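Only a predicted model underlies this, so the values are computations on that prediction, with no experimental measurement involved.
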Amino acid sequence: LGHAADWFAAQDRIDDAVRHLLRAGRDDDAAELMLRNAETWFFPRGEAAIYLKFGEELSGRVVGPALAFSLAYSAALCGDQAGVNRWLDVCEASGTCATVVPGWHNFRSAVLCVRAGFGMSDAESARSVVIVRHALALETEGGGAGHPTVRAALGAMLARDGRFDEAATLLLDLWSSPRDRKAWPPSLVVQGAGTLMISLVEAGRGEECDRVMREAAPLADTVER
């Protein structure tokens, strides 16, 4: 089974490689392979559900904070709110201020951002705005720009709370920086564009919405294909 896992990994069949490592009882190697390929293999292929399933099969002792965070994100992609909170709880229980989440400057900020965005209900929208503002303060402490997701999340939470004009102004500022936007994953760009356009429509800013729609259309077409 171990040799089979190596062969599948060499053929870029990462899901089959992980599956065989799990069958072989090599949970440590399976967890390492999952984490190393989460952003480059599983999520770009739309395989968040199988990634989440693999996580459920792992022994708890091998799930560190970084893997727990990626499993929480995969639960978010699958619309599994309970899974988001459960894996974030695991993440927080084992993480420290020194824990590194790729792309983020602050571990706590990453956890708060995902919990507010995907682990809370619409009825908690006002509280989610407060939480993401705190995440933004942590992420930009010291004057850095921080992870782009945290500002996009604040815009989304403002929209969720019905504060569409505030959301539109914040998100339009993010959208109007093509250089920064190119550094985002396509999923974040499309998601941000959707939230921005809804906010612009609700705020009565139709002309700006038309402009964003024209600019976002080519990427949306590519993602859809």
Practice problem: Take Arg115 and Ile131, measure what side-chain contact (heavy atoms from CB on, under 4.5 Å) needs, and give me the verdict at the end. | Solution: CA-CA 9 Å; Arg115 195 181 292 278; Ile131 290 174; 5.9 Å; no

Exercise. Give a yes or no on whether a salt bridge exists between Asp89 and Arg86, defined as a side-chain N under 4.0 angstrom from a carboxylate O.
Key: no

Self-check item: Euclidean distance, Thr149 OG1 relative to Tyr73 OH, rounded to 0.5 Å
Solution: 7.0 Å

Quiz prompt | Distance, nearest 0.5 Å, that separates CG of Leu196 from OG1 of Thr169 | solution = 9.5 Å

Quiz item: In terms of heavy-atom contacts, does CZ of Arg127 have more than 12 from other residues, nucleotides or ligands at under 6.0 Å?
Solution: no

Quiz item: Can you list every side-chain hydrogen bond (donor to acceptor under 3.5 Å, both in side chains) pair that touches residues 192-203, not counting sequence neighbours?
Solution: none

Quiz item: Between Thr96 and Phe107, what is the shortest heavy-atom contact and its length?
Solution: O-CD2, 3.4 Å

Quiz item: Do you know which two heavy atoms are closest between Ala126 and Asp161, and how far apart they sit?
Solution: N-OD1, 3.5 Å

Quiz item: Got a sec: does the CD of Glu224 have more than 12 other heavy atoms crowding it under 6.0 Å?
Solution: no

Quiz prompt | Set of residues satisfying ring pair (Phe, Tyr, Trp, His ring centres under 6.0 Å) with respect to Phe8, sequence neighbours excluded | solution = His20

Self-check item: Connected via hydrophobic side-chain network under 4.5 Å: Met157 and Met197
Solution: no

Quiz item: Do you know the tightest heavy-atom contact between Asp15 and Phe54?
Solution: O-CZ, 3.5 Å

Quiz item: Going from NZ on Lys53 to CG on Leu58, what distance comes out if it is rounded to the nearest 0.5 angstrom?
Solution: 11.0 Å

Self-check item: Heavy atoms of other groups near Glu215 CD, more than 12 under 6.0 Å
Solution: yes

Practice problem: Tell me, with the steps shown, if Asp27 and Glu57 meet side-chain contact (heavy atoms from CB on, under 4.5 Å). | Solution: CA-CA 9 Å; Asp27 283 25; Glu57 295 178 23; over 6 Å; no

Quiz item: Above 12 or not: heavy atoms from other molecules or residues under 6.0 Å from CD of Glu207?
Solution: no

Practice problem: Report, as yes or no, whether the 6.0 Å neighbourhood of atom CZ on Phe69 holds more than 12 heavy atoms from other residues, nucleotides or ligands. | Solution: yes

Practice problem: Answer with yes or no whether the side chains of Thr140 and Arg151 bring together a donor and an acceptor at under 3.5 Å. | Solution: no

Quiz item: Which atoms form the tightest heavy-atom contact between Ala193 and Ala216, and what is the distance?
Solution: CB-CB, 3.9 Å

Quiz item: Counting distance only, does the side-chain N/O of Gln81 pair as donor-acceptor with the main-chain N or O of Met120 below 3.5 Å?
Solution: yes

Quiz item: Can you tell me how far CE of Met34 sits from CH2 of Trp41, rounded to the nearest 0.5 angstrom?
Solution: 11.5 Å

Quiz item: Do Val101 and Val84 sit in the same hydrophobic cluster, where Ile, Leu, Val, Met, Phe, Trp and Tyr count as joined when their side-chain heavy atoms come under 4.5 Å apart?
Solution: yes

Quiz item: Run the side-chain contact (heavy atoms from CB on, under 4.5 Å) check on Arg133 and Leu158 step by step: do they pass?
Solution: CA-CA 10 Å; Arg133 286 197 190 280; Leu158 287 168; 3.9 Å; yes

Quiz item: Say you draw a straight line from OG of Ser70 to CG of Leu52; how long is it, rounded to the nearest 0.5 Å?
Solution: 9.5 Å

Quiz prompt | Nearest heavy-atom neighbours spanning Trp87 and Gly55 | solution = CH2-O, 3.8 Å

Quiz prompt | side-chain contact (heavy atoms from CB on, under 4.5 Å) evaluation trace for Trp7 with Gln11 | solution = CA-CA 6 Å; Trp7 185 87; Gln11 304 302 312; 3.7 Å; yes

Quiz prompt | Separation of Leu67 CG from Ser94 OG (nearest 0.5 Å) | solution = 9.5 Å

Quiz prompt | Main-chain N/O of Gly192 paired to Trp175 side chain as donor or acceptor, under 3.5 Å | solution = no

Self-check item: Smallest separation among heavy atoms of Ala9 and Ala17, with atom names
Solution: N-CB, 3.7 Å

